[in-house]
Amino acid sequence: MDLSFSTEDNEFRDEVRTWLKANAPTGRRPKESHAMREFDLAWQRTMHAAGWGGVAWPVDYGGRDLPLTQQLIWYEEYARTGLAPIDSRFVGLAHAGPTLMLRSSEEQKQFHLPKILGGEVIWCQGFSEPEAGSDLASLRTRAVVDGDELVVTGQKIWTSFAAVSDWQELLVRTDPDAPKHKGITWVICDMRSPGIDIRPIRTIEGGADFNEVFYDEVRIPLANVVGDLNDGWSVAMSTLSFERGTAFTVSQVQLASSIEALIDMARSRTSINGRAVIADGAVAERLAKARADCAALRALTYLGISKNAHSTQPGPEGSMLKLQYADLAKRVYLLGLDVIDTNALAFALDEDDSDWVDRHLMAFSTSIGGGTSEIQRNIIGERVLGLPR
Amino acid sequence: MDLSFSTEDNEFRDEVRTWLKANAPTGRRPKESHAMREFDLAWQRTMHAAGWGGVAWPVDYGGRDLPLTQQLIWYEEYARTGLAPIDSRFVGLAHAGPTLMLRSSEEQKQFHLPKILGGEVIWCQGFSEPEAGSDLASLRTRAVVDGDELVVTGQKIWTSFAAVSDWQELLVRTDPDAPKHKGITWVICDMRSPGIDIRPIRTIEGGADFNEVFYDEVRIPLANVVGDLNDGWSVAMSTLSFERGTAFTVSQVQLASSIEALIDMARSRTSINGRAVIADGAVAERLAKARADCAALRALTYLGISKNAHSTQPGPEGSMLKLQYADLAKRVYLLGLDVIDTNALAFALDEDDSDWVDRHLMAFSTSIGGGTSEIQRNIIGERVLGLPR
Amino acid sequence: MDLLTSPDQDEIIAAAASFLNDKMSTDQSRLQFESGTTPAVSNAAWAAAAELGWFALGLPEQFGGVGFGLAEEALLFREIGRAAAPGPFVSTVLAARVAALSGAQDLADEIVAGRGVGLTVPGSLHAIGEDGSIAGEVQLLDATSGLALVLSPSVASIIDVESLGDRSRVPCVDPTVDLQRATANTLSPIAHLPASTEAVEHRAHVLIASMLTGIAEWARDAAATHAIDRVQFGKPIGVNQAIKHPCADMAVQAQLAYAQTLFAALAIDEAREDAEFQALSAHVAAAGAAEFSTSTTIQVLGGMGFTHEHDAHLYVKRAEVWRRTLGGMPTHLARLLELSGPV
Amino acid sequence: MDLLTSPDQDEIIAAAASFLNDKMSTDQSRLQFESGTTPAVSNAAWAAAAELGWFALGLPEQFGGVGFGLAEEALLFREIGRAAAPGPFVSTVLAARVAALSGAQDLADEIVAGRGVGLTVPGSLHAIGEDGSIAGEVQLLDATSGLALVLSPSVASIIDVESLGDRSRVPCVDPTVDLQRATANTLSPIAHLPASTEAVEHRAHVLIASMLTGIAEWARDAAATHAIDRVQFGKPIGVNQAIKHPCADMAVQAQLAYAQTLFAALAIDEAREDAEFQALSAHVAAAGAAEFSTSTTIQVLGGMGFTHEHDAHLYVKRAEVWRRTLGGMPTHLARLLELSGPV
């Protein structure tokens with residue numbers, strides 16, 4: 001049992017830090033989605049050229065297949081660049097790509113994987129539907145086999161980057177009569193297909209990264225099905241353990257940076273009563289508690305990685321980390337507003353303060369997206385403690 | 001709409017205050033249960049002699065039948081005496097007595113009601129069982145009709161003052177084959193009957209006010225059944241609206257006094273860092289928040305009484321008050337420990353501080369007894385907001 | 001003692017709700033703010049509110065007011081909060097009072113007739129003199145008609161915002177609010193009222209508490225409606241205690257905020273000794289209810305609550321703005337602790 | 001980097017759990033405290049713990065210790081917390097260290113061999129000198145063998161409690177603890193160790209955090225067991241999210257406390273720059289987990305949790321005592337905020 005990293009690991013960290021410092025993009029990431037796509041892809045190409053395109057990807061597919069400890073180091077250092085933890089490359093690199101590796105045909109792999117890693121394409125996800133949120137398996141988007149094609153009609157929602165994506169991992173119902181988990185198919189959808197209509201959804205902080213996607217008799221070759229027809233649920237579930245908790249490190253490290261930034265601000269700013277913000281004992285306690293809680297979140301990340309390094313089945317730390325991260329992020333970013341105080345009224349009073357308002361609003365999504373906190377608590381209660389369903 | 005009381009009400013308040021000041025017992029209430037019984041009964045006799053024995057009881061049964069506003073005033077003034085909100089007289093005066101008024105025979109009324117009001121007898125409750133807590137209707141204590149008697153065998157739990165009680169309102173299962181709410185009978189049990197065994201339960205703060213009561217073929221005359229055989233559930237439920245929220249005032253007013261006492265202590269005491277306790281901004285905020293929350297609790301009490309004065313069906317404020325009181329009491333008494341700080345280690349360091357530890361431990365029961373907070377939330381969600389069961 | 005609304009009061013409430021629904025619905029304000037117009041209230045709607053007497057409801061009759069109490073104003077503002085109606089209601093109503101009670105009857109008449117008055121929000125580099133003059137950096141909410149109300153514990157005043165320096169418009173968190181930033185090099189007010197004559201700030205606490213109560217009630221009802229309608233895993237999601245219990249907590253908090261706000265309004269109307277204590281308690285209770293309920297409602301609504309498709313985001317932002325406008329919770333809680341306790 | 005326990009460590013844990021179950025179960029301590037004997041640990045059991053080397057586990061071998069790290073001690077103390085074993089474990093282990101490292105090897109040997117050392121709890125009228133001398137009012141936990149440990153940020157020392165004035169025994173919230181009150185008119189220690197040599201207080205934070213983690217884990221498991229076994233309305237109560245979700249929260253908090261406590265122990269063993277930061281974070285995380293979990297477990301258990309029939313009350317009281325012994329959360333949080341952040 002130790003905290004320290006091996007000499008080899010420390011050398012690796014130096015190498016990563018040096019490389020990122022020299023190569024990470026320093027300009028502001030564009031807000032317009034096509035420019036954002038080009039920014040993200042260019043960065044992926046830069047990383048890929050230097051061998052950093054897929055730190056968790058198998059060597060066979062052009063990745064580095066780093067041990068978990070080095071993945072952790074990579075993500076810790078990546079977090080320091082301040083780049084977004086999740087950008088438009090995410091679905092391709094961390095979900096669709098790994099799914100293809102595990103479940104697709106050799107031909108599908110040969111075609112898609114190099115393009116993902118090489119920064120040529122963006123993927124998006126087509127899982128959720130308006131009536132199928134937490135209950136994903138109740139999805140209704142219908143696909144009928146017609147010759148050597150699937151004909152898809154229906155609607156997806158919460159698809160990030162839909163308008164700038166090349167491909168989509170799409171779940172459709174191919175057998176409406178089967179039990180709900182049994183009639184679903186996982187298929188690769190070309191986002192330029194006729195019959196696809198994309199409508200952006202404006203979110204609370206004013207962004208439009210999410211979309212509704214409508215399918216009106218969209219024709220997809222049967223050759224694009226991954227796994228078997230009607231076996232899509234198992235395909236979708238097969239990738240859950242990819243990276244085994246390491247990628248989450250970026251969010252955790254950046255939250256820690258936010259806390260330290262807030263402490264600095266609370267020390268240097270004057271509150272409405274004329275004293276330093278940090279002289280408010282209640283704010284001070286919340287800041288100190290956030291520090292302690294974030295330290296524990298990091299320790300839990302390390303514990304999870306230590307366990308996962310010895311087991312292919314990821315432990316329950318994943319749900320625990322997600323749940324606790326959401327709770328802490330919401331607390332920290334609300335605290336951020338209390339630190340900037342009446343500047344919290346303005347959305348762009350000055351760039352820095354505006355950013356805290358933005359983060360506060362964005363934090364509402366942490367306990368909803370990717371499995372709500374309520375669902376995480378069910379999972380922990382049932383799988384960790386063995387409570388009845 | 002007004003807050004002020006009428007001249008008549010204000011005169012009434014003066015009268016009550018004067019009388020209580022002159023007559024309320026000033027000595028410490030004994031901890032030993034028989035002495036406690038005598039203390040409580042003597043106080044009831046004093047009140048009864050002066051016409052205060054049953055402020056909410058009908059005049060026909062010797063009560064005052066005060067309008068709700070005057071009940072409120074009575075209880076507000078009663079709270080100022082510092083006497084316990086609930087003592088050994090409670091079941092007789094506020095539950096069993098009112099049940100008898102509504103559902104018992106003239107003979108039963110004539111026999112029992114004057115004794116309750118006159119401070120001659122103590123009643124206890126025999127409802128809960130080890131396996132029937134929140135799910136009270138699943139009670140199993142069995143009663144078989146044998147001639148003109150019921151023969152009772154089983155076990156009750158959480159019976160306060162069982163060892164010093166004369167009578168018990170007892171729920172027994174008389175028809176094991178009926179649906180669970182349909183086979184229950186409400187019967188008056190003489191606590192001196194052969195076959196009753198009482199075992200005290202030591203509670204968290206060291207007291208033993210609760211008991212388990214075991215029944216081994218206890219014979220109770222059928223004449224003691226109230227309402228019909230097998231109709232006991234409806235009998236038990238018929239009294240829920242008695243006093244319509246006013247008696248709760250004593251707890252709420254005493255909680256407010258506790259908060260004011262804590263604020264005084266926080267101002268006058270020095271904490272471990274050498275400053276006044278109240279200089280700790282986090283403690284100060286919790287105290288201020290408790291003040292505001294307790295003010296709102298009082299306002300909600302007033303709103304509930306205003307509504308109930310115009311309706312015989314009590315509103316949902318009852319569950320809301322109970323839920324919020326439990327939450328606030330637990331917060332306030334935990335805060336009490338933080339105000340007395342390291343003195344919280346001792347249970348009897350000096351009398352006053354010890355009392356705060358005692359109240360903290362006792363506060364755990366506020367969200368359990370008389371319907372858990374979880375059950376209250378179900379009730380509010382379903383009955384107030386119409387959420388599905 | 002009676003906290004029930006009278007038939008007259010019920011009529012005020014029903015008329016207000018109906019007017020707000022017709023003229024100031026969130027559909028309308030959304031159209032306005034999405035087109036970039038702030039404050040997102042039309043001049044016609046504002047004038048109609050003036051015509052209904054909203055800005056003179058609690059003003060004594062000798063000043064041309066309707067002569068109701070703060071309790072009736074509180075009931076009106078609860079509806080304004082529930083509707084998330086845009087516009088400087090609190091500061092306009094209070095400015096009319098400052099003008100009238102300080103002898104500036106012409107100004108009072110102008111305000112009552114529909115000249116909106118914005119609100120000056122205190123900042124850390126900001127000082128208010130005993131005469132209601134103001135110096136330093138300020139933010140202005142909805143001061144588009146050229147006037148703004150200034151509030152401090154010792155005085156309330158009205159300033160001419162045209163005389164402020166460096167005015168610039170900045171986007172507000174709440175998209176229906178016009179937010180400006182400016183600096184004052186000691187600006188004297190055009191009217192002022194010392195707290196010794198009337199503590200206008202206490203009334204502001206109650207009116208803001210009323211709006212926050214309305215916001216909390218809207219959020220409670222939006223969450224409950226969704227919990228009943230939305231089906232997942234074959235059942236309405238409201239069957240789950242993880243949904244039902246937070247909804248119940250919202251119901252409790254909204255009712256506490258409502259009861260305490262009425263209590264505080266009556267405490268001021270009846271000039272009770274603990275009026276400030278009750279007003280601050282109302283602000284604290286209602287701000288807590290609004291913050292808890294709007295954010296919890298987003299969680300209950302799931303993804304949709306996080307978007308502009310549902311109004312929840314508007315209410316989150318309104319609650320955020322309004323609970324900060326008088327100086328924020330730490331200030332109120334510190335003051336609450338200084339005061340004598342309740343009577 | 002590896003936070004998994006090794007087979008050696010697993011052996012320490014299993015042996016400790018088995019010993020505690022045999023010799024220091026809550027059944028046994030209940031018998032003792034119900035008969036009025038405090039501390040509720042028998043001399044024989046304490047001597048057996050000494051024989052197992054518990055008080056020298058982390059002491060370097062040159063001082064007659066076993067030579068393990070703080071990490072191993074933390075794993076042992078987690079089991080002590082889980083068992084609610086009575087006795088002055090933290091102060092005895094740390095006093096052995098103070099004695100040995102300050103050159104009082106005979107005293108160290110005596111302590112390691114089984115002379116328990118109590119803990120001095122700071123109060124508001126209490127001062128600790130740079131030389132470990134003590135003045136003012138103090139409380140003593142389990143100082144029945146005549147010695148007590150004194151801890152401050154700058155020094156750790158051992159005092160002879162017989163030299164304190166006005167000693168009197170008072171009942172402790174935790175019935176297994178012997179609590180005394182006394183005053184010192186500047187009492188010099190019999191041994192002391194400046195923090196510049198070794199920061200004993202940091203180790204105390206970690207050991208107390210370990211005990212609190214064990215308490216939180218016990219509470220989590222007691223609640224889960226009850227939620228599975230207890231049937232109401234025809235189903236185990238654990239099907240209700242009002243039970244399931246607080247249990248899940250307990251699981252998360254316990255795991256966070258465990259991970260952070262190990263992290264902190266290793267940070268001290270590896271002399272990281274952020275060792276104090278990590279130690280305080282562990283104390284804060286574990287104290288929060290213990291307080292939340294023990295009180296939530298009482299709620300999950302219902303009426304029974306509120307009685308002496310179930311051990312829950314013991315754990316509530318232990319958590320209450322232990323999270324206050326080093327000066328309480330406000331002190332720790334203030335210090336945590338002063339420090340540089342994590343490395």
Side-chain angles (χ1 to χ4, degrees), chain A residues 128 130-138 157-158 180 200-208 210 212 269-277 280-283 326 330 334 337-338 341-350 354 357-358 360-365 367-369 372-375 377-378, chain C residues 34 121-127 137-139 141 168 170-175 177 179-181 230-235 237 240-243 246 291 294-295 298-310 312-314 316-317 320-331 333-334:
Chain A
S128 296
E131 301 300 320
S134 290
D135 184 13
L136 179 60
S138 68
I157 196 168
W158 310 126
K180 68 180 184 180
I201 303 171
R202 186 116 73 109
T203 41
I204 189 166
E205 87 297 355
F210 290 117
E212 291 178 291
R269 289 188 176 215
T270 307
S271 81
I272 187 174
N273 61 23
R275 296 182 308 166
V277 172
D280 177 336
V283 168
K330 286 166 82 167
L334 184 61
L337 296 197
D338 291 338
D341 202 31
T342 49
N343 278 356
L345 299 184
F347 206 21
L349 194 57
D350 62 57
S354 166
V357 176
D358 193 59
H360 163 63
L361 293 173
M362 288 296 290
F364 282 111
S365 71
S367 53
I368 298 172
T372 65
S373 287
E374 290 79 5
I375 296 287
R377 287 195 176 90
N378 280 349
Chain C
E34 282 176 358
V121 177
S124 55
L125 301 172
H126 165 118
E137 293 181 4
V138 296
Q139 297 182 80
L141 298 190
S168 61
V170 286
C172 183
V173 174
D174 178 344
V177 169
L179 178 63
Q180 298 182 51
R181 225 186 164 186
R230 170 81 171 172
V231 173
Q232 291 281 278
F233 302 107
K235 287 180 182 166
I237 61 170
N240 299 299
Q241 288 175 326
I243 302 291
E291 198 257 316
T294 52
S295 58
I298 288 194
Q299 183 70 23
V300 169
L301 292 168
M304 201 49 73
F306 185 69
T307 73
H308 283 222
E309 309 276 307
H310 196 283
H313 77 104
L314 266 182
V316 163
K317 292 166 182 173
E320 191 53 47
V321 167
W322 283 104
R323 71 197 190 88
R324 288 186 193 277
T325 45
L326 288 193
M329 286 306 118
T331 310
L333 289 169

Visitor: Just how far is it from atom CD of Glu291(C) to atom CG of Leu337(A), taken to the nearest 0.5 Å?
Guide: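 One finds 9.5 Å between CD of Glu291(C) and CG of Leu337(A).
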
Visitor: Using a 4.5 angstrom heavy-atom cutoff, name the option from Pro130(A), Ala137(A), Gly207(A) with the most pairs to chain C.
Guide: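 The answer is Pro130(A).
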
Visitor: Which atoms of Asp338(A) are under 4.5 Å from chain C, going by heavy atoms: the side chain, the backbone, both sets, or neither?
Guide: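 Both backbone and side chain.
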
Visitor: Verify, without hydrogens or angle tests, whether Glu374(A) (side chain) and Ile243(C) (backbone) share a donor-acceptor contact under 3.5 angstrom.
Guide: no

Visitor: Are any of the side-chain heavy atoms of Ile201(A) and Met304(C) separated by less than 4.5 Å?
Guide: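 No. Closest side-chain heavy atoms not under 4.5 Å.
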
Visitor: Please classify the contact between Leu141(C) and chain A as side chain, backbone, both or neither, with a heavy-atom cut-off of under 4.5 Å.
Guide: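 Interface part for Leu141(C): side chain.
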
Visitor: Checking heavy atoms, do the side chain of Ile157(A), its backbone, both or neither come under 4.5 Å from chain C?
Guide: side chain

Visitor: Tell me, side chain or backbone of Val316(C) under 4.5 Å from chain A's heavy atoms, or both, or neither?
Guide: side chain

Visitor: Select one option (side chain, backbone, both, neither) describing which atoms of Thr331(C) are under 4.5 Å from chain A's heavy atoms.
Guide: side chain

Visitor: Among Ser138(A), Ala344(A), Gly369(A), who wins on heavy-atom pairs under 4.5 Å with chain C?
Guide: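 The option with the most such pairs is Ala344(A).
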
Visitor: At what distance, to the nearest 0.5 angstrom, does CZ of Arg202(A) lie from CD of Glu309(C)?
Guide: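 It comes to 10.5 Å.
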
Visitor: Please tell me if the side chains of Ile298(C) and Ile204(A) come closer than 4.5 Å, counting only heavy atoms from C-beta onward.
Guide: yes

Visitor: Nearest 0.5 angstrom please: Arg324(C) CZ to Ile272(A) CD1, how far?
Guide: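 With rounding to 0.5 Å, CZ (Arg324(C)) is 11.0 Å from CD1 (Ile272(A)).
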
Visitor: Could you tell me which of Asp358(A), Asp280(A), Leu334(A) has the largest number of non-hydrogen atom pairs under 4.5 Å with chain C?
Guide: Leu334(A)

Visitor: Where does Met329(C) contact chain A at under 4.5 Å (heavy atoms): side chain, backbone, both or neither?
Guide: neither

Visitor: CZ/Phe306(C) to CD/Glu205(A) distance, rounded to the nearest 0.5 angstrom?
Guide: 5.0 Å

Visitor: Relative to chain C, which segment of Ala208(A) carries a heavy atom at a distance below 4.5 Å: side chain, backbone, both, or neither?
Guide: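 The answer is neither part of Ala208(A).
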
Visitor: From Leu301(C) CG over to Ile368(A) CD1, what is the distance, rounded to the nearest 0.5 angstrom?
Guide: 8.0 Å

Visitor: Ignoring hydrogens and angles, tell me if any N or O in the side chain of Gln232(C) forms a donor-acceptor pair with the backbone of Glu131(A) under 3.5 Å.
Guide: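 Flag set: sc Gln232(C) to bb Glu131(A) pair under 3.5 Å.
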
Visitor: With a 4.5 angstrom heavy-atom cut-off, is it the side chain or the backbone of Val121(C) that approaches chain A, or both, or neither?
Guide: side chain

Visitor: Between NE2 of His313(C) and OG1 of Thr203(A), what distance do you get to the nearest 0.5 Å?
Guide: 10.0 Å

Visitor: Taking all heavy atoms of Gln299(C) and all of Ser373(A), pick out the closest pair and write down the distance.
Guide: NE2-N, 4.2 Å

